[in-house]
Amino acid sequence: MVSLNFGRELRLLAPSQFDNVFQHPFRVASPLFTILAKPNQLAHPRLGLTIAKKRVKLAVQRNRIKRCVRDSFRLHQHQLPGVDLVLMVKGDISNTPNSELLQQLERLWSKIARQYIALQSS
RNA sequence: UGAGUUGGCCAAGACAAUCGCUGCUUGCGUAAGCAAGGGGAGGAAAGUCCGGGCUCCACAGGGCAGGGUGCCAGGUAAUGCCUGGGAGGCGUGAGCCUACGACCAGUGCAACAGAGAGCAAACCGCCGAUGGCCCGCGCAAGUGGGAUCAGGUAAGGGUGAAAGGGUGCGGUAAGAGCGCACCGCGCGACUGGCAACAGUUCGUGGCACGGUAAACUCCACCCGGAGCAAGAUCAAAUAGGCCCUCUAUGGCGCGGCCCGCGUUGAGGGCGGGUAGAUUGCUUGAGGCUUAGGGUGACCUAAGUCCUAGAGGAAUGAUUGUCACUCUGGCAACAGAGAACAGAACCCGGCUUAAUGGCCAACUCACUUU
RNA sequence: AGGGGCGUAGCCAAGCGGUAAGGCAGCGGGUUUUGAUCCCGCCACGCCCAGGUUCGAAUCCUGGCGCCCCUG
């Protein structure tokens, strides 16, 4: 049985960790999200979230999106290599239902895994 | 039955399965952690508009600014809140609404229109009694008529948001609170009320004291400054330098200003260099029940309960079953919907956002007995 | 958490109790063979929204909405 926990070691905690990812990442995108990724030296991925107040006005909606993303990441963490991820929201997605968010995220995780392999071999 | 008013309550509902997050208690463990148990968003958590608690700074005291509130009484830790009452307004009614002190302390403002707009004013109009003018009668004193010069007049027209009480009678040359009656208004007394205020009460004044203070202002009352990034504790690293300038009727504390009080360097540039953790942190002007007091807000007493504490920031996701509402359908069923919105030191209010439901009391209309 | 400012025509804006200046753009006309320039005219039933004060509000007051900036 593999662990599906989402403890603190799987998150980006400090501003410096975020800045590190922003510097030379590769990026993966879907109509709703942009994910910046950068290989770390760890055996597991780490996730950070950036949802601008300008894009999503209401705190309730921002919380909903965060929970969705975190849960999807938690369930798919073992498909992902050792990368630091920063997820950003592109537009106003307050009206998008959870099911669609989850679909898009699933595609993004596999994209990241493929790009990571391509990067390592080049 | 329908329409409505007021007050209160609830709120993506219940159950199950799987996978998570978080802090609390217990057990094991040196520790990291693991296991079990029982918790985990709101009525507005929002806006940050008021009022407090708490914490630090300042504080002998006083003055001047500045800000706020504004019918009266009560409640409260306090308020700009709430309750009760008064006055005014709205509604058939239950009820609802109101920044509601003072322009006889002073200063200001009122475009355009209009004759006149602030110790009122004659454009049209009315009159022209009185003094002149002209004509007739008369010897004369005088008398009758005419126009309107002086003049009188705020009834009527017209202007304006606003033109200095209303109606009627008398009065007059025409008029006019000029006089009178009633109504209204001001002032004083008396009575009721803690008071605001009220009165088929009495007396008195012929009678504006116009509007505007969300204009300056005056009056009464209130207000020291910051905010949990407040503040406290612990530990580590670096530095403890150099240069220039200014000054003691100076600088700083002092964050509105002044008197005053305390303190003694201050400012600029260069160089060097940084690491945070813990606490504050949830038990409180607390909730619930009962009894008592009060019209009520609320207060008192007894019993009982513990009910979120995150930190790139938890309070969730997926699936199934059953409920709720709407649409389609005879039905089985199918589809859609389920508001506003997410704690960050804590309370009391206000305001704003928004959907459905439940309960109680009351009002109006109709029907039945 | 605390503080400051703005919102007026499609754009830039002045006005801060008494008829909403001005410029650019646009539209119509004139001048010109045509165009540019130039000249004339038109263009806000209303000043972010909702109440209130006032005879009268873009302006004053109250509440809300949106945007921008500053301090830590």
Side-chain angles (χ1 to χ4, degrees):
Chain A
M1 180 77 199
V2 291
S3 166
L4 293 177
N5 287 8
F6 183 62
R8 297 182 65 78
E9 68 278 1
L10 295 180
R11 307 183 200 177
L12 296 179
L13 296 173
S16 60
Q17 295 171 334
F18 275 80
D19 289 342
N20 183 44
V21 176
F22 280 122
Q23 258 153 32
H24 298 289
F26 64 90
R27 62 175 64 217
V28 176
S30 80
L32 300 180
F33 302 108
T34 300
I35 296 182
L36 305 179
K38 191 177 189 183
N40 58 18
Q41 309 309 315
L42 304 167
H44 53 80
R46 292 191 299 185
L47 178 70
L49 299 170
T50 304
I51 301 174
K53 206 172 184 178
K54 215 163 188 172
R55 301 245 186 264
V56 184
K57 299 270 185 205
L58 296 177
V60 174
Q61 297 302 326
R62 287 198 298 275
N63 280 344
R64 184 176 68 88
I65 293 159
K66 283 183 190 173
R67 285 163 182 158
C68 267
V69 173
R70 268 199 291 265
D71 205 56
S72 177
F73 174 82
R74 185 174 62 77
L75 295 170
H76 295 89
Q77 57 178 288
H78 295 292
Q79 301 174 12
L80 292 168
V83 287
D84 284 348
L85 305 171
V86 174
L87 179 135
M88 302 168 80
V89 169
K90 276 174 141 174
D92 187 0
I93 59 174
S94 303
N95 298 319
T96 314
N98 286 357
S99 56
E100 194 176 331
L101 295 184
L102 292 173
Q103 262 185 23
Q104 290 213 10
L105 287 166
E106 227 168 293
R107 264 181 247 137
L108 285 170
W109 304 138
S110 55
K111 262 193 196 174
I112 289 167
R114 267 182 277 133
Q115 286 217 13
Y116 178 77
I117 293 165
L119 204 69
Q120 295 300 95
S121 57
S122 68

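Here the structure is a predicted model, which means the values were calculated and not measured. Letters go in sequence order (proteins before strands), and every chain restarts at 1.
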Pair partner, [N] [Watson-Crick or wobble, under 3.5 Å]:
| N | result |
| --- | --- |
| B/rG42 | B/rC340 |
| B/rC322 | B/rG13 |
| B/rU367 | none |
| C/rG66 | C/rC6 |
| B/rC24 | B/rG37 |
| B/rU283 | none |
| B/rG179 | B/rC169 |
| B/rU143 | B/rG136 |

Going by a 90° cut-off around 0, is [N] syn or anti?
| N | value |
| --- | --- |
| B/rU307 | syn |
| B/rG68 | anti |
| B/rG43 | syn |
| B/rU352 | anti |
| B/rA360 | anti |

Sticking with atom [atom1], work out how far [N] lies from [M], rounded to a whole angstrom.
| N | M | atom1 | value |
| --- | --- | --- | --- |
| B/rG284 | B/rC28 | P | 33 Å |
| C/rG64 | B/rG63 | C1' | 42 Å |
| B/rC187 | B/rC197 | P | 12 Å |
| B/rG356 | B/rA338 | P | 13 Å |
| B/rG85 | B/rG203 | P | 36 Å |
| B/rG272 | B/rU233 | C1' | 29 Å |
| C/rG66 | C/rG29 | P | 46 Å |
| B/rG66 | B/rG91 | C1' | 46 Å |

Side chains of [X] and [Y]: does their closest heavy-atom pair fall under 4.5 Å?
| X | Y | value |
| --- | --- | --- |
| A/V69 | A/L47 | yes |
| A/R70 | A/L49 | yes |
| A/Q77 | A/H44 | no |

[X]: what forms a side-chain hydrogen bond (donor to acceptor under 3.5 Å, both in side chains) with it, not counting sequence neighbours?
| X | answer |
| --- | --- |
| A/Q104 | A/S30 |
| A/N63 | none |
| A/K66 | none |

Nucleotides bounding contact with chain A, strand RNA chain C, heavy-atom threshold 4.0 Å: C/rC67 to C/rC68
For the student: nearest non-hydrogen atoms of A/L119 and A/P39, plus distance: CD2-CG, 4.3 Å
A/L58 CG - B/rA354 C1' separation (whole Å): 13 Å
Length of the line joining A/H76:NE2 and B/rG20:P, which is rounded to integer Å: 15 Å
Non-neighbouring partners of A/R64 that pass side-chain contact (heavy atoms from CB on, under 4.5 Å), sequence neighbours left out: A/Q61, A/N98, A/L101
Any residue meeting side-chain contact (heavy atoms from CB on, under 4.5 Å) with A/P97, in chain and number order, not counting sequence neighbours: A/S99, A/E100
Name the atoms and distances for all side-chain donor-acceptor pairs under 3.5 Å in residues 110-117 of chain A, with sequence neighbours left out.
from	atom 1	to	atom 2	distance (Å)
A/S110	OG	A/R107	O	2.8
A/K111	NZ	A/A29	O	3.1

Under 4.0 Å protein heavy-atom contact, by nucleotide of nucleotides 313-319 of chain B - B base, S sugar-phosphate only: SSSBSS-
Check: A/T34 main-chain N/O paired with A/R27 side-chain donor or acceptor under 3.5 Å: no
Short N/O separations, protein against nucleotides 344-346 of chain B, under 3.5 angstrom:
none

Pairs touching residues 33-46 of chain A that satisfy salt bridge (Lys or Arg N to Asp or Glu O under 4.0 Å), sequence neighbours left out: A/R46-A/D84
Worked verdict on A/L87 versus A/F73 for side-chain contact (heavy atoms from CB on, under 4.5 Å): CA-CA 11 Å; A/L87 179 135; A/F73 174 82; over 6 Å; no
Closest-nucleotide ordering on RNA chain B, the 5'-leading residue of A/G48 and A/V60: A/G48
